[in-house]
Amino acid sequence: MLKIYNTLKRDKQEFTPIVPNQVRMYVCGMTVYDYCHLGHARVMVVFDMVYRWLKSSSYDVTYVRNITDIDDKIIKRAAENGESIHSLTQRFIDAMHEDAERLGVQPPDHEPRATQYVPEMLAMIENLERNGLAYQAADRDVNFAVRKFTGYGKLSGKSLEDLRAGERVEVDGNKHDPLDFVLWKHAKDNEPDEVKWDSRWGKGRPGWHIECSAMSSKLLGEHFDIHGGGADLQFPHHENEIAQSEGANQCQFVNYWMHNGFVRVDNEKMSKSLGNFFTIREVLERYDPEVVRFFILRAHYRSPLNYSDAHLDDAKGALSRLYTALKCEGGMGKGVDWNEPHAQRFKVAMDDDFNTAEAIAVLFDLANEVNRGQSPQLASQLRSLGAVLGLLGRDANAFLQGDSSGDAMIVAKILARNEAKKARNYAEADLIRKELLEAGIVLEDSAQGTNWRRA
RNA sequence: GGCGAGAUAGCAAAAUGGUUAUGCAGCGGAUUGCAAAUCCGCCUAUCCCAGUUCGAUUCUGGGUCUCGCCUCCA
C-alpha cells in the first residue's frame with residue numbers, strides 16, 4: 001500500500017485515488033526564460049520517478065507538467081535580447097526538453113503552455129468574479145480577494161494575520177488587502193502586442209497563479225489526485241492555486257500535495273536570485289547524466305540535497321559498483337520478479353513515500369549477492385529494478401568505459417602489455433599500465449582476459 | 001518577528017523503543033606476477049539537557065545550531 005507525505009495534512013497518508021486504478025497528477029514546471037539549473041533537474045527527476053513508480057504499480061497515470069511561457073521575467077528578457085517572446089520561450093523549451101531527455105526523464109502526458117490556455121483562465125476569473133472572490137481594482141488589474149476565501153493558508157499553515165505581521169508584503173494601494181494577488185494584469189503601453197489578450201476587463205495578460213488552476217482543471221478535472229512542485233512553491237503559488245480553483249469550482253481541488261526539497265550549494269538554496277546555480281548542461285559537461293540522476297535519487301525527495309563535485313564523484317563511484325555487478329548478466333533485464341526478496345524490500349521502500357534512498361540501498365545489497373554468486377538471474381533482477389527508477393539502462397561496459405574515443409589506442413596498449421606479460425617482462429607490462437592509468441584508464445585482469453574502464 | 005523542516009560515523013545518506021542500513025573513504029585478510037575489480041572481516045554514529053520507559057538515536061518538554069517560506073524562485 002502506497003503512502004505519500006501530504007503537505008496539506010503534514011503527514012504520511014495511504015494513497016487512495018479518486019477513481020480506482022487511475023491517478024491524475026499535475027506538477028508545476030518551468031518558467032522558460034533561461035536554461036534549467038540543477039534545482040529544476042531535481043523536480044523533473046523526482047516526479048519522473050513518482051510517475052514511473054505509479055505506472056509500475058499498475059496505475060493508469062495521467063501526468064501533466066506545465067510550461068510557464070508568459071511572465072514578467074520573460075517579457076524583460078525578450079526585450080533585453082531584442083527577440084520575440086515566442087522565439088525566446090521556444091528556445092528554452094527546446095533546451096529543457098534536451099536536458100530532460102538526457103537525465104532519463106520521460107515526457108509527461110501533457111505539457112500545456114500558459115499562452116495556449118488564456119480563454120480557460122479568463123473563464124475561471126469570470127467564475128471567481130461571479131462568486132464574489134475577484135474584483136477589478138482602480139489600476140484595472142483584476143485581483144483575488146483573499147479575505148473572501150475561507151481556508152486561505154491551509155496548505156502553507158499561514159494565517160492572514162501572520163502574513164500581515166510579516167510586513168514584507170509591499171503595500172499596493174489598489175488592492176483591497178495587501179495579500180490579494182493578481183489574476184489578470186492590465187496591459188502596459190510599453191509591452192509588446194504579443195503579451196496582450198482581449199478580455200472583458202480590458203487588454204491584459206494572466207497573473208502567474210491562474211494558469212495552473214485553469215490548465216489542471218481543463219486537463220485533469222476540477223478535483224484530482226496529486227499536485228507536486230518544489231517546496232518554494234508551497235507559498236504563495238500553491239496556496240493561491242487552491243484559493244482560485246476551489247473558489248471558482250466550489251469543490252476540493254487536490255487530495256495529495258507533494259513538495260520536493262531544494263538543491264543546495266554550500267548549505268544554501270540553489271536559486272537564480274542568489275546566483276549560486278549550476279545549469280544542467282554545465283554539470284553534464286563534466287558528469288554522466290545518469291550519475292546526476294543517481295545523485296538526485298540517492299537522497300529522499302523531501303530532504304535537502306547538497307551539490308558539490310565531491311558528492312557527484314561519490315555518486316559516480318557508487319553507480320560504477322552497480323554497473324560492475326551487471327557485467328555478469330547474460331541478456332538484458334527480463335522484467336522484475338516481484339516475488340524475489342530484494343524486489344519485495346524495494347517495493348516496501350518505494351511504497352513508503354517513494355523512499356528511493358532505501359530502494360537504492362537494496363540495489364547495493366542485490367549487487368553484493370550478484371557478485372558473490374555470479375548469478376545472471378540476480379543481475380537481470382538488478383537491472384530490472386534499476387529500470388523502475390530509470391537507472392542502469394545501459395550496457396555495463398558502455399557506462400564504465402564512457403566516451404569510447406581512443407579505444408583503438410587502448411586496445412593496442414593492452415595487447416602490447418599482454419605480450420610483455422607473456423614474456424614475463426613485468427616491468428614493461430607495469431609501465432604500460434601506469435601510462436594508461438595516467439590517461440584515466442584502469443585495467444582489470446581476469447581469467448577471461450584484460451578489461452578496462454575509465455577511472 | 002510569524003510559520004515550518006532538520007541536526008545520524010571522515011564524507012554522503014536511510015531506518016529504528018532493544019537486534020547489520022547502504023555507498024564512498026580507511027584498516028586487516030583472500031585473490032593477483034604486482035595491481036584493479038570482487039569476496040570475507042573490521043573500524044568510526046545518532047547536537048545538548050531533562051522526562052517517560054526495564055531499555056531512547058527513535059517518544060515528550062526545554063535549549064543550541066542550521067536551513068527554508070513569509071518578495072520572483074523547482
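Naming: A, B, ... by sequence-line order, numbering from 1 per chain. From a predicted model like this one, the values you see are computed outputs, not experimental measurements.
Residue A:R433 is in base contact, counting any heavy-atom pair closer than 4.0 Å across all strands shown. Within 4.0 Å (heavy atoms only), A:T324 reaches sugar-phosphate atoms of the nucleic acid but no base atom. Counting non-hydrogen atoms under 4.0 angstrom, A:N267 reaches the backbone sugars and phosphates but no base. Using a 4.0 Å heavy-atom distance criterion, A:N371 is classed as a sugar-phosphate-only contact. Counting any heavy atom pair closer than 4.0 Å across all strands shown, A:D72 reaches no nucleic acid atom. Within the nucleic acid shown, A:E444 comes within 4.0 Å of at least one base atom, counting heavy atoms only. Counting any heavy atom pair closer than 4.0 Å across all strands shown, A:R453 reaches sugar-phosphate atoms only and no base atom. Residue A:G39 is in base contact, counting any heavy-atom pair closer than 4.0 Å across all strands shown. Residue A:V362 is out of contact with every strand shown, counting any heavy-atom pair closer than 4.0 Å. Nucleic acid contact class of A:L443 (heavy atoms, under 4.0 Å, all strands): base. A:A361 comes within 4.0 angstrom of a nucleotide base, judged by non-hydrogen atoms across all strands. Residue A:A299 is classed as a sugar-phosphate contact, given heavy-atom separations below 4.0 Å to backbone atoms only.
Comparing B:G63 with B:G6, their C1' atoms are spaced 16 Å from each other, to the whole Å.
Computed from coordinates, the A:L233 CG to B:G4 C1' distance equals 16 Å when rounded to whole Å. One can place CG of A:D309 at 18 Å from P of B:C11, the figure rounded to the nearest angstrom.
In this model, the phosphate group of B:C69 is approached by a side-chain N or O of A:K269 to a distance below 4.0 Å at OP1 or OP2. Of the side-chain N and O atoms in A:N368, one or more sit less than 4.0 angstrom from OP1 or OP2 of B:C39. Applying the 4.0 Å criterion to OP1 and OP2 of B:U38, one finds that A:R321 has a side-chain N or O inside that range. The phosphate of B:A12 (OP1 or OP2) has no side-chain N or O of A:N306 nearer than 4.0 angstrom.
Remark: A:K12 fails to qualify as a cation-pi partner of A:Y5 under the 6.0 Å distance and 45° angle criteria applied to the six-membered ring. In this structure, A:K158 is positioned above the aromatic face of A:F235, its NZ or CZ under 6.0 Å from the six-membered ring centre and within 45° of the axis.
Each of B:G33, B:U22, B:G68 was ranked by its minimum atom distance to the side chain of A:D430; first place goes to B:G33.
When both pairing distances are held under 3.5 Å, B:G26 makes a Watson-Crick or G-U pair with B:C42. Nucleotide B:C65 has B:G6 as its partner under the Watson-Crick or G-U criteria, with both atom distances under 3.5 Å.
Of the two residues near RNA chain B, A:S156 and A:R372, the one whose nearest nucleotide lies more 5' is A:S156. Across the interface with RNA chain B, nearest-nucleotide mapping of A:D232 and A:K327 shows A:K327 to be the residue nearer the 5′ end.
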